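Step one of this worksheet: look at the structure below.
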Amino acid sequence: MCNKPRVLIVTFLLVLIGVISIVGFGKTILRVASFEGGYGVEWLLETARLFEESHPNVDVEVTTDPRIWEKVQPMFVAGNPPDVVAPGWKFDLWGAIAEGQITPLEGYLANTNAVDKDTAWINTFATGSFAAATSDEHIWYIPQFPSFYGWWYDKTIWDEQGWSPPTSWDEAFELFEEMKAVGTAPIANQGIYPMYLTYPYLPEFIARMAGPSKLEACLNLEPDSWTDPKVVEAFTFLKNLIDNYFQEGHLGMTHLQSQVMPLVGQAGLVACGSWYPKEQEQVWPEGHEIRAMPLPIFPESPFPQNAYSKDNDSALLWVIPTATEHEELAVEFLKLLTSEQIAKYTVEVTGNPTVYLESSQWLPDNKFGRAVQSCAAYYEGAAYTIPKRETLELWYPKVESVLENSLSLMEENKATPEEVCAAIQAMANEVREDPNTMMHVFDLGI
Amino acid sequence: MFIKRLRGSPVSLIVQLSCLVYSLVVLVPVLWSLISSFRSSLAFFTDPFGIPSPWKYQNFVYAWNQANVAIYFRNSVFVTTVSVTAIILLSAMASFALSRLRFRGRIAVLFLFISGLFVPAALLLLPLFLMLQDLHVLGSYIGLIPVYIAYSFPFTVFVLIPFFNAIPQDLEEAAFLDGASYYQVFWKVALPLAKPGLIVATIFNIFGIWNEFVLGYVLISKTSLKTLPLGLSDILMKQYYTADYGKVFAAIAIAMAPIIILYITFQRKIVGGSLTGAIKE
Amino acid sequence: MDLRSALGLKQHRTLRGKYSPIKVVAVFLAPALILYLAFVAYPVVKVFWLCLFRWRGVTKGTEEFVGLSNFVRLYHDAVFWRALSNNLILFAFVLVVSVTIALFFSFFLARKIRGSGFYRATWLFPNMLGDVIVATTWLFIFHPTMGMLNYFLSLIGIDVGATPWLGQSSTALIAVAIPMIWKFMGLYIILFLASIQEIPRSFLDAARIDGANGWQEFFKITLPLIKPTIAVAAVFLMWNSFSVIFTYVKLLTEGGPHRATEVIPTYIYQVGFAYHEFGYSSAISVASFIVLFALASISTRMLMRRMLRGETGR
């Protein structure tokens, strides 16, 4: 009894299956890839579903991943990127733009209409949505979720304890002592991820203590900006908070482990973006309410007080690679994603506003909506906003990397604020002086 | 004699105590995560070591459905079955050839396979990724399974050859005299006699492929195709965004269940296998 | 070069005592060999080729030939040396701790203390669990405030407060090693046990008659005789420590805090997939292969001899 025929048959079948899967069945496949995280992906899947309904000849293939950039970057290098992609904040977006790998979208935005509307696509977006996305008069990406950064707290627990949101740092420090007295750590922190120290502590401290022009200098990588004594003071202030008011053990906590602390009374506050309420869904104590507040002010600061940290979540910035063979389809997909219908659906399902004009009107009257509403009021009424994720993080990833590393060292007392600032300045100089770097202009508009 | 001196001596006490302590170290983490899978995430946060009350079976339902553990489970079964079948079949054939046949370059081929023991797949993720992408099989089982099979050869061949070597030549010579072909000698004489080795190799490969993570992490991205380890790590990483620890533990419990069952059933063979053929000298 | 005489082999006795028909050899060997060459050998070759290029961006076809300059860069790359040293430290630490404790347990288990059957079965169990399950479980055990480790330490009187084992660079590397030890120790105990039980009683009896006590028996007889098993176990651990360790680091610490637990596979992955520098990533792979081959050449001879046993007249 010979094995040969069996082996041959199996091989033939495998080859047959392989050929079929490569050749496909004749439909156009639109490949969509996206980051998957706090906002979930229901809205994306709904968009794909609707798109397939209206385009019977198209199959939408959706890939989502918490670390999507690891999957997408090699695809770019191999010349085969997806057709529509939100590659996450660790993707070297501006590097790809500088190489001509990303399709500029201002033409479509200005000259074509939004889905089911009589007005240009770009008019359906909240004002200023494309501020950081614009360079050289081209608009390179379409953001999706605006995010406010501040302190989040459990209102129910605070009411029980008789605590109220401090407006100045003096009040804050008094409140912290009260919290410590009842055994609650004042501030929880996502210690494993040093970048949370910039959501929004550091940028706000620099702006308020050193002044807005200093913040601009820092984010424009100007010489002697990060090493300016006032900026060092801002870092020192942050260090003081870490050493005296951050929860013990925060260095070993992931963002989820730390973010639940205010909800169970083990910490008073946690700094986060406005994805916070949805992220806490599974550990939200029954009947509790969550609220947000901006960081306390420095009364003597020259910085206008009605200014808050806000930008567009860099986890979900949508681009169309130039290597795509289905550019029109990709644009139509993005239009559907940013249409009123999907925007409404997204807001209801995630409890977060989108960049759609006045989308916070659709915030559901549930615990998510109420929580986010408490912060939406701030940034929608703000005179100025301080973006960081769409700016420093995306524009100059090398500087961001040194910043994160240094903050991590500072947290562990392995580097002083002076050393940290010096290290950041060194990298800032290097990046600025590199002729290959694409420079941007950071302007607070004050 | 040493054995007699052992009982009742302080040495014996220390030894017994250490054995008990180590057994606890082994069992307690497993039990803790199993028990925690019946608790709600909030309960877990407030009191990590409490007894479940109430016993939240919904965690399992949720993990099985919404968290896709059912899909991951099914995929693992499929991938493991197909891969291990192919591995054992092809390795047995190759080991038979390397052990019993004679051809020029035999030693070189043997060396080629054995040197693969020092080639960790983790160092070759990039070329594999690029290669599968060029062949348009990236992200599908048509790419993944051949890769799994290929990387299992060094170890499996390493295990099987001594078993084939140990088969007495006379039996085979006798079969030839009876007019058997090479294939019949392989199928009817060599394989049955190498059965212990095949069983050991099968067991190790089942566990190896069922638990494989590194290659799958790079080569598979579609949720519908992920195996249990990939799915579990996904749930864990997504729990970085939704804090549902009850679900994570439930998923771990579901993933552990077949291993526990398999282990208890085949425990003798597994322990025996490790003892007899696979790795010892 | 004659591989055969290099390995000290005599004539190979085969079926029918002569060269087998090529067709037969092909049928038996070809499927495995083809798959192996395609997916194992070819990537190795490719990695040696890719390491000579440099990718600067994400555009296809823009890589440039840079010869060996990636290796010059590697030489000056502090992260690479950190990753390599972390890798080797982890390997050594896991090896020494596992082998020492495993020897202890296997020695006494061989003397059939009470419950040895139960122990054998229990201790091998973690080895069956996948790395993802083991890593995830220990991720929760190490949690500063909700984890079992700090809780138990406080129960037995050692108050470490809320030490973040995985979050501070002083303890992170050891913390990553613990789950691996937890997983592999049982296997080593079983292996060493088997080896010990293989030692002929006559040896031990003779030693006892000569007046040797327990310690001498262990160090002078048992240990030397099971050295080969320890060596094989070390070889497999080395292989694991360059591949499987990816899973543990990725899930427990992602290489942090600031590279304290970065290891070679995670660095290769990061450079290749997160920084899209295919050439440099391949250079790291090549460098690691060189290290591995150096370590391996010692054991290959021994392994090959084992494969070809029956031909050496033993």
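A, B, ... follow the sequence lines: proteins, then strands. Residue 1 opens every chain. Because the structure is a prediction, the values reported are computed rather than measured.
Residue C/Val132 comes nearest to B/Ser233 through the heavy atom pair CG1-N, 4.0 Å, listed as atom of the first residue, atom of the second, then distance. Here the closest heavy-atom approach between residue C/Pro43 and residue B/Leu128 is recorded as CG-CD2, 3.9 Å. Nearest heavy-atom pair, B/Tyr263 versus C/Ala121, reported as atom, atom and distance to 0.1 Å: OH-O, 2.5 Å. When all heavy atoms of C/Pro126 and B/Val26 are compared, the closest pair comes out as CG-CG1, 3.6 Å. Of all the heavy atoms in C/Ala38 and B/Met131, the pair that sits closest is O-CE, 3.0 Å. Smallest separation of non-hydrogen atoms from C/Thr137 and B/Pro29: CG2-O, 3.8 Å.
The distance from the CE atom of C/Met128 to the CD1 atom of B/Ile264 is 13.0 Å, given to the nearest 0.5 Å. Distance CZ/B/Phe118 to CE/C/Met238: 5.5 Å, rounded to 0.5 Å. Taken to the nearest 0.5 Å, the CG atom of C/Leu35 stands 11.5 Å off from the OH atom of B/Tyr151. Distance CG/C/Leu129 to CD1/B/Ile252: 10.0 Å, rounded to 0.5 Å. Within the model, atoms OG of B/Ser115 and CZ of C/Phe293 stand 7.0 Å from one another, a figure rounded to the nearest 0.5 Å. The CG atom of C/Asn127 sits 9.0 Å away from the CZ atom of B/Phe207 when rounded to the nearest 0.5 Å.
For C/Phe104, the CZ atom is densely surrounded, since the number of other residues' heavy atoms within 6.0 Å is greater than 12.
Proximity to chain C (any heavy atom under 4.5 Å) is shown, for B/Phe103, by both the backbone and the side chain. Proximity to chain B is absent for every atom of C/Ile178, based on heavy atoms less than 4.5 angstrom apart. Of the two parts of C/Phe192, neither the backbone nor the side chain holds a non-hydrogen atom closer than 4.5 Å to a non-hydrogen atom of chain B. Contact of B/Tyr22 with chain C is made through backbone and side chain together, with heavy-atom distances under 4.5 Å. B/Leu125 touches chain C through backbone and side chain together, each having a heavy atom under 4.5 Å away. Only the side chain of B/Ile149 comes within less than 4.5 Å of a heavy atom of chain C; its backbone N, CA, C and O stay farther away. Contacts of B/Ile260 with chain C are made by both backbone and side-chain atoms, with heavy-atom separations under 4.5 Å. Heavy-atom distances place the side chain of B/Val109, and not its backbone, under 4.5 Å from chain C. The parts of B/Ser18 that come within reach of chain C are both its backbone and its side chain, each placing non-hydrogen atoms under 4.5 angstrom from that chain. Heavy-atom distances place the side chain of B/Leu132, and not its backbone, under 4.5 Å from chain C. If you measure heavy-atom distances from C/Leu50 to chain B, the contacts under 4.5 Å come from the side chain alone. When heavy atoms are compared at a cutoff of 4.5 Å, C/Ile141 approaches chain B by way of both its backbone and its side chain. With a 4.5 angstrom heavy-atom cutoff, B/Val218 touches chain C only via side-chain atoms. Of the two parts of C/Tyr36, the backbone and the side chain both hold a non-hydrogen atom closer than 4.5 Å to a non-hydrogen atom of chain B. For C/Ile245, no part lies under 4.5 angstrom from a heavy atom of chain B. With a threshold of 4.5 angstrom between heavy atoms, C/Ile34 does not approach chain B through any atom at all.
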Between C/Asp131 and B/Asn211, is a side-chain contact (heavy atoms from CB on, under 4.5 Å) present by the stated rule, with each step listed?
-> CA-CA 7 Å; C/Asp131 301 304; B/Asn211 292 326; 5.6 Å; no
Tell me, with the steps shown, if B/Cys19 and C/Trp123 meet side-chain contact (heavy atoms from CB on, under 4.5 Å).
-> CA-CA 10 Å; B/Cys19 289; C/Trp123 295 348; 3.7 Å; yes
Go through the steps for C/Thr122 and B/Leu27 under the test side-chain contact (heavy atoms from CB on, under 4.5 Å), then give the verdict.
-> CA-CA 8 Å; C/Thr122 317; B/Leu27 288 176; 3.7 Å; yes
Decide side-chain contact (heavy atoms from CB on, under 4.5 Å) for B/Leu124 and C/Val44; before the verdict, give the C-alpha distance in whole Å, the side-chain angles of both, and the deciding distance to 0.1 Å.
-> CA-CA 7 Å; B/Leu124 298 171; C/Val44 174; 3.8 Å; yes
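When each of B/Ser33, B/Ser91, B/Ala94, B/Gly208 is scored by its heavy-atom pairs under 4.5 Å with chain C, the top score falls to B/Ala94. Per-residue counts of heavy-atom pairs under 4.5 Å with chain B were compared for C/Ile268, C/Val40, C/Leu292; the largest is that of C/Val40. With respect to chain B, the highest number of heavy-atom pairs below 4.5 Å among C/Ile22, C/Val25, C/Val47, C/Thr266 belongs to C/Val25. Between chain B and the residues C/Tyr269, C/Phe152, C/Phe125, the most heavy-atom pairs under 4.5 angstrom are made by C/Phe125.
In this structure, the side chain of C/Trp182 engages the main chain of B/Val25 through a donor-acceptor pair within 3.5 Å. Between the side chain of C/Ser285 and the main chain of B/Leu123, a donor-acceptor pair closer than 3.5 Å is present.
Ring pair C/Phe140/B/Phe249: centre-to-centre distance below 6.0 Å.
Residues C/Phe242 and B/Val119 are not in side-chain contact: their nearest non-hydrogen atoms beyond the backbone lie 4.5 Å or more apart. Using a 4.5 Å heavy-atom cutoff, the side chains of B/Val214 and C/Thr247 are in contact. Inter-residue side-chain proximity for B/Tyr183 and C/Val24 is flagged as met; some heavy-atom pair is nearer than 4.5 Å. Inter-residue side-chain proximity for C/Tyr119 and B/Ser23 is flagged as met; some heavy-atom pair is nearer than 4.5 Å. By the 4.5 Å heavy-atom criterion applied to side chains, B/Met256 and C/Ile133 are counted as neighbours. A heavy-atom distance below 4.5 Å is found between the side chains of C/Phe278 and B/Leu130. Using a 4.5 Å cut-off on side-chain heavy atoms (C-beta onward), B/Leu236 and C/Leu139 make contact. Considering only heavy atoms from C-beta on, C/Phe289 comes within 4.5 Å of B/Pro120 through its side chain.
Between B/Phe129 and C/Phe273, the angle of the ring planes goes over 60°, which puts this pair in the perpendicular group of the 30/60° scheme. Using a 30° and 60° split on the angle between ring planes, C/Phe28 and B/Phe96 fall in the tilted class, from 30° to 60°.
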